Amino acid sequence: MADSGAERVSVNDLNVAEKVSITGAEAPEAKPREKKEKPKKAPKEKKPVVHGGAPGDAKAKDVKKETKLGLPFKKDENFGDWYSDLVVRGEMIEYYDVSGCYILRPWSYSIWESIKDFFDKEIKKMGIENTYFPLFVSEKALTKEKDHVEGFAPEVAWVTRSGDSQLEEPIAIRPTSETVMYPIFSKWIRGHRDLPLRINQWCNVVRWEFKHPTPFIRSREFLWQEGHTAFATKDEADVEVHQILELYRRVYEELLAVPVIKGVKSEVEKFAGGLYTTTVEAFIPATGRGVQGATSHCLGQNFAKMFEIFFEDENRERKMVWQNSWGLTTRTIGVMVMVHGDNKGLVLPPRVAPIQVVVIPVPFKGIDPSDECLKVTRQLQEAGFRVKDDLRDNYSPGWKYSHWELKGVPLRIEIGPRDIEKKQVRVVRRDLEDKTEGRSQDIPMADLAVKIGEILETMQKALLEKAREEHDSCIVVAENWDDFMTALNNKKMVLAPWCDEVEVEESVKARTKGEAGAAKTLCMPFEQDTLPMVSNTIAEGTKCFASGKPAKKWALWGRSY
Ligand code: 87F
(Lines give C-alpha, C1' and ligand atoms only; values in the text may rest on other atoms or scores of the structure.)
Protein backbone atom coordinates (compact mmCIF):
# COMPACT_ATOMS: atom_id res chain seq x y z
CA MET A 1 0.00 0.00 0.00
CA ALA A 2 1.19 3.51 -0.73
CA ASP A 3 1.66 5.63 2.29
CA SER A 4 0.42 9.15 1.78
CA GLY A 5 0.07 9.76 5.46
CA ALA A 6 -3.62 10.28 4.85
CA GLU A 7 -6.47 7.86 5.21
CA ARG A 8 -7.17 6.85 1.62
CA VAL A 9 -10.70 7.80 0.83
CA SER A 10 -12.71 4.72 0.16
CA VAL A 11 -14.66 4.89 -3.03
CA ASN A 12 -17.38 2.92 -1.32
CA ASP A 13 -18.12 5.82 0.99
CA LEU A 14 -19.04 8.15 -1.79
CA ASN A 15 -22.13 9.01 -3.63
CA VAL A 16 -21.28 10.01 -7.13
CA ALA A 17 -24.86 10.94 -7.78
CA GLU A 18 -24.53 13.90 -5.46
CA LYS A 19 -21.96 15.63 -7.55
CA VAL A 20 -22.16 14.44 -11.10
CA SER A 21 -23.89 17.14 -13.06
CA ILE A 22 -27.22 16.24 -14.57
CA THR A 23 -26.32 14.87 -17.93
CA GLY A 24 -28.48 13.48 -20.66
CA ALA A 25 -31.59 15.28 -19.52
CA GLU A 26 -34.64 13.50 -20.75
CA ALA A 27 -34.80 14.33 -24.42
CA PRO A 28 -38.32 14.89 -25.61
CA GLU A 29 -39.81 11.84 -27.26
CA ALA A 30 -39.16 12.27 -30.95
CA LYS A 31 -42.36 12.88 -32.84
CA PRO A 32 -42.11 10.90 -36.03
CA ARG A 33 -42.77 13.27 -38.92
CA GLU A 34 -43.72 10.65 -41.40
CA LYS A 35 -47.48 10.74 -41.12
CA LYS A 36 -48.41 8.82 -44.21
CA GLU A 37 -47.42 5.24 -44.84
CA LYS A 38 -45.52 4.83 -41.64
CA PRO A 39 -44.04 1.41 -42.42
CA LYS A 40 -43.72 0.21 -38.86
CA LYS A 41 -44.06 1.62 -35.40
CA ALA A 42 -41.35 4.14 -34.59
CA PRO A 43 -38.74 2.56 -32.35
CA LYS A 44 -38.85 3.13 -28.64
CA GLU A 45 -35.57 4.33 -27.30
CA LYS A 46 -34.14 3.08 -24.08
CA LYS A 47 -33.21 6.31 -22.41
CA PRO A 48 -31.54 6.33 -19.04
CA VAL A 49 -34.03 6.40 -16.24
CA VAL A 50 -31.90 7.98 -13.54
CA HIS A 51 -29.33 10.66 -14.20
CA GLY A 52 -27.62 11.16 -10.89
CA GLY A 53 -29.86 13.96 -9.75
CA ALA A 54 -28.88 17.08 -7.91
CA PRO A 55 -28.40 17.00 -4.15
CA GLY A 56 -31.75 17.10 -2.48
CA ASP A 57 -33.42 15.44 -5.42
CA ALA A 58 -35.50 12.52 -4.24
CA LYS A 59 -34.18 10.32 -7.03
CA ALA A 60 -30.59 11.07 -6.09
CA LYS A 61 -31.28 9.88 -2.55
CA ASP A 62 -32.75 6.69 -3.87
CA VAL A 63 -29.65 6.15 -5.90
CA LYS A 64 -27.48 6.63 -2.86
CA LYS A 65 -29.27 3.86 -1.08
CA GLU A 66 -29.36 1.67 -4.16
CA THR A 67 -25.66 1.80 -4.94
CA LYS A 68 -22.91 3.76 -3.35
CA LEU A 69 -20.87 3.61 -6.53
CA GLY A 70 -23.16 5.84 -8.46
CA LEU A 71 -24.45 3.50 -11.16
CA PRO A 72 -28.06 2.69 -10.51
CA PHE A 73 -28.09 -0.47 -12.64
CA LYS A 74 -26.02 -3.64 -12.47
CA LYS A 75 -24.54 -5.06 -15.64
CA ASP A 76 -25.65 -8.60 -14.91
CA GLU A 77 -29.10 -7.67 -13.56
CA ASN A 78 -30.38 -5.09 -16.00
CA PHE A 79 -28.05 -4.89 -18.94
CA GLY A 80 -30.15 -2.61 -21.15
CA ASP A 81 -30.57 0.12 -18.55
CA TRP A 82 -26.98 -0.33 -17.36
CA TYR A 83 -25.74 0.34 -20.90
CA SER A 84 -27.95 3.28 -21.80
CA ASP A 85 -27.29 4.91 -18.45
CA LEU A 86 -23.55 4.28 -18.65
CA VAL A 87 -22.96 5.83 -22.07
CA VAL A 88 -24.60 9.02 -20.77
CA ARG A 89 -22.96 9.15 -17.34
CA GLY A 90 -19.63 8.19 -18.87
CA GLU A 91 -20.05 11.27 -21.09
CA MET A 92 -19.86 9.35 -24.33
CA ILE A 93 -23.38 10.07 -25.59
CA GLU A 94 -25.89 12.85 -25.29
CA TYR A 95 -29.46 12.09 -26.30
CA TYR A 96 -31.03 14.07 -29.12
CA ASP A 97 -34.57 14.94 -30.11
CA VAL A 98 -34.57 12.91 -33.32
CA SER A 99 -35.21 9.30 -32.38
CA GLY A 100 -32.32 7.00 -33.20
CA CYS A 101 -29.78 9.83 -33.48
CA TYR A 102 -27.18 10.47 -30.82
CA ILE A 103 -24.55 13.07 -30.09
CA LEU A 104 -21.06 11.61 -29.85
CA ARG A 105 -19.37 13.62 -27.12
CA PRO A 106 -15.61 14.23 -27.22
CA TRP A 107 -15.00 11.25 -24.91
CA SER A 108 -16.33 8.79 -27.49
CA TYR A 109 -15.36 10.76 -30.59
CA SER A 110 -11.76 10.63 -29.44
CA ILE A 111 -11.97 6.82 -29.38
CA TRP A 112 -13.30 6.92 -32.93
CA GLU A 113 -10.32 9.10 -33.86
CA SER A 114 -7.90 6.50 -32.45
CA ILE A 115 -9.57 3.78 -34.50
CA LYS A 116 -9.54 6.03 -37.53
CA ASP A 117 -5.84 6.93 -37.13
CA PHE A 118 -4.86 3.26 -36.94
CA PHE A 119 -6.98 2.06 -39.83
CA ASP A 120 -6.25 5.07 -42.03
CA LYS A 121 -2.49 4.56 -41.72
CA GLU A 122 -2.81 0.87 -42.52
CA ILE A 123 -4.93 1.31 -45.64
CA LYS A 124 -2.63 4.07 -46.89
CA LYS A 125 0.26 1.59 -46.58
CA MET A 126 -1.77 -0.67 -48.88
CA GLY A 127 -2.06 2.10 -51.47
CA ILE A 128 -5.70 2.99 -50.77
CA GLU A 129 -6.53 6.70 -51.12
CA ASN A 130 -9.11 8.78 -49.25
CA THR A 131 -11.83 10.60 -51.11
CA TYR A 132 -15.21 12.22 -50.56
CA PHE A 133 -18.39 11.66 -52.54
CA PRO A 134 -21.72 13.48 -52.03
CA LEU A 135 -24.27 12.62 -49.37
CA PHE A 136 -27.14 12.50 -51.89
CA VAL A 137 -28.06 9.79 -54.38
CA SER A 138 -30.44 10.11 -57.31
CA GLU A 139 -33.26 7.59 -57.41
CA LYS A 140 -32.02 6.36 -60.77
CA ALA A 141 -28.57 5.50 -59.45
CA LEU A 142 -29.87 4.04 -56.19
CA THR A 143 -32.23 1.59 -57.84
CA LYS A 144 -29.93 0.52 -60.66
CA GLU A 145 -28.69 -2.61 -58.88
CA LYS A 146 -31.98 -4.26 -57.86
CA ASP A 147 -30.69 -7.00 -55.52
CA HIS A 148 -28.80 -4.47 -53.53
CA VAL A 149 -31.65 -2.09 -52.65
CA GLU A 150 -34.52 -4.54 -52.61
CA GLY A 151 -34.41 -5.64 -48.99
CA PHE A 152 -33.12 -2.30 -47.78
CA ALA A 153 -35.66 0.01 -49.45
CA PRO A 154 -37.69 0.79 -46.28
CA GLU A 155 -34.54 2.08 -44.60
CA VAL A 156 -33.70 4.66 -47.25
CA ALA A 157 -34.41 8.25 -46.17
CA TRP A 158 -35.47 10.71 -48.87
CA VAL A 159 -35.38 14.47 -49.24
CA THR A 160 -38.59 15.53 -50.96
CA ARG A 161 -38.89 19.23 -50.16
CA SER A 162 -36.87 22.42 -49.95
CA GLY A 163 -38.58 25.14 -47.99
CA ASP A 164 -42.16 25.11 -49.16
CA SER A 165 -41.61 23.61 -52.58
CA GLN A 166 -41.57 19.96 -53.53
CA LEU A 167 -38.39 18.78 -55.25
CA GLU A 168 -38.93 17.68 -58.84
CA GLU A 169 -37.25 14.38 -58.06
CA PRO A 170 -36.84 13.03 -54.54
CA ILE A 171 -33.20 12.57 -53.57
CA ALA A 172 -32.01 9.76 -51.29
CA ILE A 173 -29.54 10.19 -48.46
CA ARG A 174 -26.74 7.64 -48.83
CA PRO A 175 -27.26 4.48 -46.78
CA THR A 176 -23.95 3.28 -48.33
CA SER A 177 -22.13 4.59 -51.41
CA GLU A 178 -21.94 1.79 -53.98
CA THR A 179 -24.52 3.53 -56.15
CA VAL A 180 -22.95 6.95 -55.57
CA MET A 181 -19.47 5.88 -56.59
CA TYR A 182 -19.85 3.25 -59.26
CA PRO A 183 -21.30 5.46 -62.02
CA ILE A 184 -18.08 7.45 -61.61
CA PHE A 185 -15.92 4.29 -61.55
CA SER A 186 -17.24 3.51 -65.02
CA LYS A 187 -15.96 6.91 -66.14
CA TRP A 188 -12.57 6.66 -64.45
CA ILE A 189 -11.74 3.12 -65.51
CA ARG A 190 -10.86 2.68 -69.17
CA GLY A 191 -7.82 0.45 -69.49
CA HIS A 192 -5.93 -2.05 -67.35
CA ARG A 193 -3.54 0.73 -66.34
CA ASP A 194 -6.39 2.40 -64.43
CA LEU A 195 -6.54 -0.65 -62.17
CA PRO A 196 -6.56 -1.34 -59.35
CA LEU A 197 -8.72 1.60 -58.29
CA ARG A 198 -8.78 1.71 -54.52
CA ILE A 199 -10.56 4.44 -52.57
CA ASN A 200 -11.98 4.93 -49.10
CA GLN A 201 -14.12 7.55 -47.45
CA TRP A 202 -14.73 8.50 -43.83
CA CYS A 203 -18.28 9.78 -43.62
CA ASN A 204 -21.75 9.48 -42.15
CA VAL A 205 -24.60 7.37 -43.55
CA VAL A 206 -28.31 7.26 -42.78
CA ARG A 207 -30.45 4.14 -42.47
CA TRP A 208 -33.96 4.72 -41.21
CA GLU A 209 -34.04 1.73 -38.90
CA PHE A 210 -37.28 0.57 -37.33
CA LYS A 211 -35.78 -1.83 -34.82
CA HIS A 212 -35.26 -0.25 -31.47
CA PRO A 213 -32.19 1.99 -31.52
CA THR A 214 -29.22 1.59 -29.17
CA PRO A 215 -26.40 4.13 -28.90
CA PHE A 216 -23.45 3.11 -31.13
CA ILE A 217 -24.93 -0.32 -31.85
CA ARG A 218 -27.93 0.66 -33.94
CA SER A 219 -28.56 4.29 -34.84
CA ARG A 220 -30.21 6.02 -37.79
CA GLU A 221 -27.13 8.02 -38.61
CA PHE A 222 -23.67 6.66 -37.95
CA LEU A 223 -20.06 7.26 -38.84
CA TRP A 224 -17.99 4.75 -40.75
CA GLN A 225 -15.35 4.23 -43.33
CA GLU A 226 -16.39 2.65 -46.58
CA GLY A 227 -13.75 1.28 -48.92
CA HIS A 228 -14.55 0.65 -52.57
CA THR A 229 -12.05 -1.00 -54.88
CA ALA A 230 -11.87 -2.43 -58.39
CA PHE A 231 -9.40 -4.97 -59.80
CA ALA A 232 -8.63 -6.67 -63.07
CA THR A 233 -8.78 -10.14 -61.52
CA LYS A 234 -10.79 -11.98 -58.87
CA ASP A 235 -7.58 -13.20 -57.24
CA GLU A 236 -6.49 -9.66 -56.44
CA ALA A 237 -9.95 -8.85 -55.07
CA ASP A 238 -9.89 -11.99 -52.88
CA VAL A 239 -6.52 -11.06 -51.40
CA GLU A 240 -7.74 -7.61 -50.45
CA VAL A 241 -10.96 -8.90 -48.84
CA HIS A 242 -8.80 -10.83 -46.37
CA GLN A 243 -6.23 -8.09 -45.83
CA ILE A 244 -9.01 -5.72 -44.82
CA LEU A 245 -10.68 -8.33 -42.63
CA GLU A 246 -7.37 -8.79 -40.81
CA LEU A 247 -7.21 -5.02 -40.18
CA TYR A 248 -10.72 -5.19 -38.75
CA ARG A 249 -9.63 -8.03 -36.47
CA ARG A 250 -6.71 -5.89 -35.33
CA VAL A 251 -8.97 -2.90 -34.60
CA TYR A 252 -11.09 -5.09 -32.32
CA GLU A 253 -8.39 -7.20 -30.72
CA GLU A 254 -5.35 -4.92 -30.64
CA LEU A 255 -7.04 -1.56 -30.04
CA LEU A 256 -10.34 -2.35 -28.32
CA ALA A 257 -9.20 -5.60 -26.65
CA VAL A 258 -12.34 -7.33 -27.92
CA PRO A 259 -11.95 -10.86 -29.30
CA VAL A 260 -13.61 -11.56 -32.64
CA ILE A 261 -14.18 -14.54 -34.88
CA LYS A 262 -13.37 -14.18 -38.55
CA GLY A 263 -15.54 -15.99 -41.01
CA VAL A 264 -17.74 -15.92 -44.07
CA LYS A 265 -21.46 -15.12 -44.00
CA SER A 266 -24.09 -17.60 -45.16
CA GLU A 267 -26.13 -16.96 -48.33
CA VAL A 268 -28.95 -15.61 -46.18
CA GLU A 269 -26.76 -13.25 -44.22
CA LYS A 270 -24.38 -12.03 -46.93
CA PHE A 271 -24.73 -8.65 -48.67
CA ALA A 272 -27.26 -9.47 -51.40
CA GLY A 273 -25.58 -7.35 -54.03
CA GLY A 274 -22.25 -9.14 -53.65
CA LEU A 275 -20.55 -12.46 -54.26
CA TYR A 276 -19.50 -13.27 -50.71
CA THR A 277 -19.26 -11.43 -47.39
CA THR A 278 -16.57 -11.91 -44.78
CA THR A 279 -17.04 -10.68 -41.25
CA VAL A 280 -15.51 -10.23 -37.84
CA GLU A 281 -18.09 -11.32 -35.27
CA ALA A 282 -17.95 -10.11 -31.70
CA PHE A 283 -20.01 -11.41 -28.79
CA ILE A 284 -21.56 -9.79 -25.73
CA PRO A 285 -21.46 -12.41 -22.96
CA ALA A 286 -23.77 -10.38 -20.70
CA THR A 287 -26.66 -10.71 -23.17
CA GLY A 288 -25.60 -13.81 -25.06
CA ARG A 289 -25.79 -11.97 -28.36
CA GLY A 290 -23.43 -11.92 -31.28
CA VAL A 291 -22.72 -8.64 -32.99
CA GLN A 292 -21.39 -8.13 -36.49
CA GLY A 293 -18.17 -6.17 -35.97
CA ALA A 294 -17.34 -5.16 -39.56
CA THR A 295 -17.70 -6.66 -43.03
CA SER A 296 -15.44 -7.01 -46.04
CA HIS A 297 -17.31 -8.00 -49.21
CA CYS A 298 -16.20 -9.35 -52.53
CA LEU A 299 -18.83 -7.90 -54.84
CA GLY A 300 -17.82 -10.03 -57.79
CA GLN A 301 -18.94 -8.46 -61.07
CA ASN A 302 -22.63 -7.67 -60.29
CA PHE A 303 -22.12 -3.96 -59.87
CA ALA A 304 -19.64 -3.86 -62.77
CA LYS A 305 -22.35 -5.27 -65.02
CA MET A 306 -25.06 -2.87 -63.81
CA PHE A 307 -22.85 0.22 -63.82
CA GLU A 308 -20.87 -0.80 -66.91
CA ILE A 309 -17.46 -0.75 -65.32
CA PHE A 310 -15.31 -2.22 -68.11
CA PHE A 311 -11.61 -2.05 -68.91
CA GLU A 312 -9.49 -3.02 -71.86
CA ASP A 313 -6.93 -5.65 -70.87
CA GLU A 314 -3.38 -6.16 -72.22
CA ASN A 315 -4.82 -8.04 -75.22
CA ARG A 316 -7.26 -5.21 -75.95
CA GLU A 317 -10.16 -7.36 -74.83
CA ARG A 318 -13.09 -5.68 -73.04
CA LYS A 319 -13.46 -7.07 -69.51
CA MET A 320 -15.53 -6.36 -66.44
CA VAL A 321 -13.76 -5.35 -63.22
CA TRP A 322 -13.90 -7.31 -59.96
CA GLN A 323 -14.98 -5.21 -57.00
CA ASN A 324 -14.85 -5.14 -53.21
CA SER A 325 -16.46 -2.95 -50.59
CA TRP A 326 -15.79 -2.93 -46.88
CA GLY A 327 -16.89 -0.97 -43.83
CA LEU A 328 -16.22 -0.39 -40.14
CA THR A 329 -18.52 1.81 -38.05
CA THR A 330 -18.84 3.58 -34.70
CA ARG A 331 -20.56 0.38 -33.54
CA THR A 332 -17.03 -0.62 -32.51
CA ILE A 333 -17.29 1.76 -29.54
CA GLY A 334 -20.56 0.25 -28.31
CA VAL A 335 -19.14 -3.26 -28.50
CA MET A 336 -16.12 -2.17 -26.47
CA VAL A 337 -18.34 -0.56 -23.80
CA MET A 338 -20.55 -3.65 -23.58
CA VAL A 339 -17.64 -6.06 -23.31
CA HIS A 340 -15.41 -4.24 -20.80
CA GLY A 341 -17.72 -1.96 -18.83
CA ASP A 342 -18.52 -2.95 -15.24
CA ASN A 343 -20.67 -1.84 -12.33
CA LYS A 344 -18.42 1.16 -11.68
CA GLY A 345 -18.55 2.40 -15.25
CA LEU A 346 -16.55 2.33 -18.45
CA VAL A 347 -13.29 0.42 -18.71
CA LEU A 348 -11.25 1.81 -21.59
CA PRO A 349 -8.35 -0.08 -23.14
CA PRO A 350 -5.19 2.06 -22.87
CA ARG A 351 -4.61 2.18 -26.63
CA VAL A 352 -7.84 4.05 -27.27
CA ALA A 353 -8.44 5.83 -23.95
CA PRO A 354 -8.62 9.61 -24.52
CA ILE A 355 -6.87 9.99 -21.17
CA GLN A 356 -4.62 7.11 -20.14
CA VAL A 357 -3.58 8.39 -16.73
CA VAL A 358 -5.26 10.78 -14.34
CA VAL A 359 -3.17 12.33 -11.56
CA ILE A 360 -4.98 13.14 -8.32
CA PRO A 361 -3.52 14.97 -5.32
CA VAL A 362 -4.39 13.61 -1.89
CA PRO A 363 -3.93 16.59 0.49
CA PHE A 364 -3.33 15.88 4.17
CA LYS A 365 -2.99 18.15 7.20
CA GLY A 366 -2.89 21.27 5.10
CA ILE A 367 -0.23 19.96 2.75
CA ASP A 368 -1.34 20.20 -0.88
CA PRO A 369 0.57 17.94 -3.28
CA SER A 370 -0.76 19.76 -6.39
CA ASP A 371 2.67 21.00 -7.53
CA GLU A 372 4.03 17.46 -7.46
CA CYS A 373 1.01 16.33 -9.46
CA LEU A 374 1.70 18.98 -12.07
CA LYS A 375 5.31 17.84 -12.33
CA VAL A 376 4.35 14.19 -12.71
CA THR A 377 1.72 15.08 -15.31
CA ARG A 378 4.22 17.07 -17.36
CA GLN A 379 6.87 14.36 -17.08
CA LEU A 380 4.45 11.71 -18.36
CA GLN A 381 3.06 13.93 -21.10
CA GLU A 382 6.60 14.54 -22.31
CA ALA A 383 7.12 10.78 -22.39
CA GLY A 384 4.16 10.62 -24.82
CA PHE A 385 1.28 9.48 -22.57
CA ARG A 386 -2.17 11.06 -22.55
CA VAL A 387 -2.31 12.43 -19.00
CA LYS A 388 -4.55 14.79 -17.09
CA ASP A 389 -4.24 16.17 -13.58
CA ASP A 390 -7.38 16.77 -11.61
CA LEU A 391 -6.49 19.56 -9.20
CA ARG A 392 -10.02 20.82 -8.63
CA ASP A 393 -10.32 21.91 -5.02
CA ASN A 394 -14.10 21.66 -4.82
CA TYR A 395 -14.10 17.86 -5.11
CA SER A 396 -12.66 15.34 -2.69
CA PRO A 397 -10.04 12.82 -3.85
CA GLY A 398 -12.56 10.03 -3.38
CA TRP A 399 -15.13 11.75 -5.55
CA LYS A 400 -12.47 12.16 -8.24
CA TYR A 401 -11.58 8.45 -8.01
CA SER A 402 -15.20 7.53 -8.69
CA HIS A 403 -15.57 10.07 -11.44
CA TRP A 404 -12.54 8.88 -13.42
CA GLU A 405 -13.43 5.26 -12.78
CA LEU A 406 -16.85 5.94 -14.26
CA LYS A 407 -15.16 7.45 -17.30
CA GLY A 408 -12.96 4.36 -17.60
CA VAL A 409 -9.51 5.99 -17.40
CA PRO A 410 -7.04 3.07 -17.33
CA LEU A 411 -4.72 4.34 -14.58
CA ARG A 412 -4.91 6.81 -11.76
CA ILE A 413 -1.94 8.15 -9.89
CA GLU A 414 -2.50 9.28 -6.33
CA ILE A 415 0.06 11.57 -4.72
CA GLY A 416 0.00 12.44 -1.02
CA PRO A 417 2.55 14.18 1.23
CA ARG A 418 4.11 10.87 2.34
CA ASP A 419 4.46 9.72 -1.27
CA ILE A 420 6.43 12.90 -1.95
CA GLU A 421 8.69 12.20 1.03
CA LYS A 422 9.27 8.69 -0.20
CA LYS A 423 9.73 9.83 -3.80
CA GLN A 424 7.02 7.50 -5.01
CA VAL A 425 3.46 7.56 -6.35
CA ARG A 426 0.62 5.11 -6.08
CA VAL A 427 -0.71 3.76 -9.35
CA VAL A 428 -4.17 2.13 -9.47
CA ARG A 429 -5.44 0.04 -12.40
CA ARG A 430 -9.06 0.49 -13.52
CA ASP A 431 -9.53 -3.03 -14.85
CA LEU A 432 -8.90 -4.95 -11.63
CA GLU A 433 -11.42 -5.27 -8.82
CA ASP A 434 -10.82 -3.53 -5.51
CA LYS A 435 -8.31 -5.36 -3.33
CA THR A 436 -7.17 -7.75 -6.07
CA GLU A 437 -3.48 -8.29 -6.49
CA GLY A 438 -1.77 -5.81 -8.74
CA ARG A 439 -4.61 -3.31 -8.66
CA SER A 440 -2.51 -0.73 -6.89
CA GLN A 441 1.24 -0.42 -6.64
CA ASP A 442 3.78 2.11 -5.40
CA ILE A 443 6.16 3.21 -8.10
CA PRO A 444 9.38 5.18 -7.51
CA MET A 445 9.20 8.54 -9.28
CA ALA A 446 12.54 7.80 -10.89
CA ASP A 447 11.21 4.99 -13.13
CA LEU A 448 7.75 6.42 -13.57
CA ALA A 449 7.56 6.81 -17.36
CA VAL A 450 9.00 3.35 -18.04
CA LYS A 451 6.78 1.70 -15.44
CA ILE A 452 3.62 3.46 -16.60
CA GLY A 453 4.34 2.27 -20.12
CA GLU A 454 4.70 -1.29 -18.84
CA ILE A 455 1.55 -1.17 -16.73
CA LEU A 456 -0.51 0.20 -19.62
CA GLU A 457 0.81 -2.55 -21.89
CA THR A 458 0.02 -5.18 -19.25
CA MET A 459 -3.47 -3.82 -18.83
CA GLN A 460 -4.11 -3.75 -22.57
CA LYS A 461 -3.12 -7.45 -22.78
CA ALA A 462 -5.00 -8.40 -19.63
CA LEU A 463 -8.23 -6.87 -20.94
CA LEU A 464 -8.06 -8.93 -24.12
CA GLU A 465 -7.15 -12.10 -22.23
CA LYS A 466 -9.99 -11.68 -19.77
CA ALA A 467 -12.45 -10.91 -22.54
CA ARG A 468 -11.19 -13.85 -24.59
CA GLU A 469 -11.56 -16.28 -21.72
CA GLU A 470 -15.15 -15.22 -21.23
CA HIS A 471 -15.79 -15.22 -24.96
CA ASP A 472 -14.38 -18.69 -25.48
CA SER A 473 -16.40 -20.06 -22.58
CA CYS A 474 -19.49 -18.92 -24.49
CA ILE A 475 -18.87 -21.17 -27.50
CA VAL A 476 -20.64 -24.50 -27.27
CA VAL A 477 -20.47 -27.32 -29.81
CA ALA A 478 -23.87 -28.89 -30.52
CA GLU A 479 -24.52 -31.71 -32.95
CA ASN A 480 -28.28 -32.02 -32.48
CA TRP A 481 -31.31 -29.78 -32.06
CA ASP A 482 -31.78 -30.28 -28.31
CA ASP A 483 -28.20 -29.42 -27.47
CA PHE A 484 -28.42 -26.47 -29.82
CA MET A 485 -31.52 -25.07 -28.07
CA THR A 486 -30.07 -25.66 -24.61
CA ALA A 487 -26.89 -23.77 -25.51
CA LEU A 488 -28.81 -20.95 -27.14
CA ASN A 489 -31.05 -20.51 -24.13
CA ASN A 490 -27.96 -20.44 -21.92
CA LYS A 491 -26.82 -17.32 -23.83
CA LYS A 492 -24.15 -19.15 -25.79
CA MET A 493 -22.95 -19.11 -29.37
CA VAL A 494 -23.37 -22.49 -30.93
CA LEU A 495 -20.91 -24.12 -33.29
CA ALA A 496 -22.85 -26.74 -35.19
CA PRO A 497 -22.42 -28.94 -38.26
CA TRP A 498 -24.69 -27.58 -40.97
CA CYS A 499 -25.94 -28.57 -44.41
CA ASP A 500 -25.52 -24.95 -45.63
CA GLU A 501 -29.01 -24.70 -47.17
CA VAL A 502 -30.98 -21.46 -47.28
CA GLU A 503 -34.29 -23.16 -46.38
CA VAL A 504 -32.73 -24.77 -43.33
CA GLU A 505 -31.36 -21.46 -42.06
CA GLU A 506 -34.80 -19.91 -42.59
CA SER A 507 -36.44 -22.77 -40.72
CA VAL A 508 -33.99 -22.45 -37.80
CA LYS A 509 -34.91 -18.78 -37.64
CA ALA A 510 -38.61 -19.62 -37.62
CA ARG A 511 -38.21 -22.37 -34.99
CA THR A 512 -36.20 -20.16 -32.63
CA LYS A 513 -38.34 -17.06 -32.97
CA GLY A 514 -39.43 -15.82 -29.60
CA GLU A 515 -39.14 -12.92 -27.24
CA ALA A 516 -35.36 -12.97 -27.29
CA GLY A 517 -35.28 -12.93 -31.10
CA ALA A 518 -34.47 -15.65 -33.60
CA ALA A 519 -31.13 -17.38 -33.94
CA LYS A 520 -29.20 -17.05 -37.16
CA THR A 521 -25.80 -17.94 -38.51
CA LEU A 522 -23.20 -15.45 -37.33
CA CYS A 523 -20.62 -16.85 -39.73
CA MET A 524 -18.86 -19.93 -40.97
CA PRO A 525 -15.60 -19.44 -39.07
CA PHE A 526 -12.27 -19.54 -40.83
CA GLU A 527 -9.49 -21.53 -39.22
CA GLN A 528 -8.78 -20.13 -35.80
CA ASP A 529 -6.89 -21.94 -33.09
CA THR A 530 -9.10 -20.68 -30.27
CA LEU A 531 -12.17 -22.41 -31.69
CA PRO A 532 -13.17 -25.98 -30.83
CA MET A 533 -12.76 -26.77 -34.55
CA VAL A 534 -9.38 -26.27 -36.17
CA SER A 535 -10.31 -26.22 -39.82
CA ASN A 536 -13.71 -25.79 -41.35
CA THR A 537 -13.94 -29.31 -42.71
CA ILE A 538 -16.48 -31.86 -41.63
CA ALA A 539 -15.87 -35.53 -40.93
CA GLU A 540 -17.60 -37.92 -43.39
CA GLY A 541 -21.05 -38.91 -42.23
CA THR A 542 -21.61 -35.90 -39.93
CA LYS A 543 -25.25 -34.79 -39.98
CA CYS A 544 -26.66 -31.28 -39.97
CA PHE A 545 -27.87 -30.43 -36.44
CA ALA A 546 -31.12 -28.99 -37.79
CA SER A 547 -32.08 -30.98 -40.90
CA GLY A 548 -30.28 -34.30 -40.42
CA LYS A 549 -28.92 -33.97 -43.96
CA PRO A 550 -25.21 -34.45 -44.61
CA ALA A 551 -23.34 -31.53 -43.02
CA LYS A 552 -21.02 -29.46 -45.20
CA LYS A 553 -19.69 -26.82 -42.81
CA TRP A 554 -19.32 -25.83 -39.21
CA ALA A 555 -21.48 -22.76 -38.70
CA LEU A 556 -21.51 -20.45 -35.71
CA TRP A 557 -25.07 -19.65 -34.67
CA GLY A 558 -26.50 -17.26 -32.16
CA ARG A 559 -28.95 -14.57 -31.31
CA SER A 560 -27.58 -11.26 -32.37
CA TYR A 561 -27.90 -7.49 -32.40
C1 87F B 1 -29.64 0.13 -46.22
C2 87F B 1 -30.31 0.81 -47.20
C3 87F B 1 -29.90 0.72 -48.52
C4 87F B 1 -26.81 -2.06 -45.95
C5 87F B 1 -28.53 -0.64 -46.57
O6 87F B 1 -21.32 -3.40 -45.76
C7 87F B 1 -28.82 -0.03 -48.89
C8 87F B 1 -28.13 -0.72 -47.91
O9 87F B 1 -26.54 -1.65 -49.35
C10 87F B 1 -26.98 -1.53 -48.21
N11 87F B 1 -27.85 -1.32 -45.61
N12 87F B 1 -26.36 -2.16 -47.22
C13 87F B 1 -25.17 -3.00 -47.46
C14 87F B 1 -23.90 -2.22 -47.39
C15 87F B 1 -22.82 -2.94 -48.07
C16 87F B 1 -21.40 -2.39 -47.87
N17 87F B 1 -21.19 -1.07 -48.34
C18 87F B 1 -19.88 -0.51 -48.20
C19 87F B 1 -20.85 -2.59 -46.53
C20 87F B 1 -19.57 -1.95 -46.18
C21 87F B 1 -19.31 -0.65 -46.83
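The shown structure was predicted, so the numbers you read here are calculated from the model rather than taken from an experiment. We count ligands from 1, going down the list as the structure has it; atoms in each ligand are counted the same way.
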Report the nearest protein non-hydrogen atom to atom 19 (C) of ligand 1: residue, atom name, distance rounded to 0.1 Å. H297 NE2, 3.1 Å
Checking heavy atoms under 4.0 Å, the part of F152 that sits near ligand 1 is both
Is [X] in polar range of ligand 1, meaning some N or O pair under 3.5 Å apart?
{"X": "W224", "answer": "no"}
{"X": "H148", "answer": "yes"}
{"X": "H228", "answer": "no"}
{"X": "E178", "answer": "yes"}

Checking ring-ring contact (aromatic ring centres under 6.0 Å, His included) for the pair F185/H228: CA distance, chi angles, key distance, verdict? CA-CA 10 Å; F185 274 35; H228 295 268; 7.1 Å; no
Using a 4.0 Å cutoff against the non-hydrogen atoms of G327, which atoms of ligand 1 qualify? 20 (C), 21 (C)
E155 neighbourhood, listing ligand 1 atoms whose heavy-atom distance to it stays under 4.0 Å: 1 (C)
Verify whether one side chain among T521 and E505 offers a donor that lies under 3.5 Å from an acceptor in the other. yes
Is the closest side-chain donor-acceptor distance between E240 and W326 under 3.5 Å? yes
Look at ligand 1 and say whether V149 reaches it with a heavy atom at a distance under 4.0 Å. no
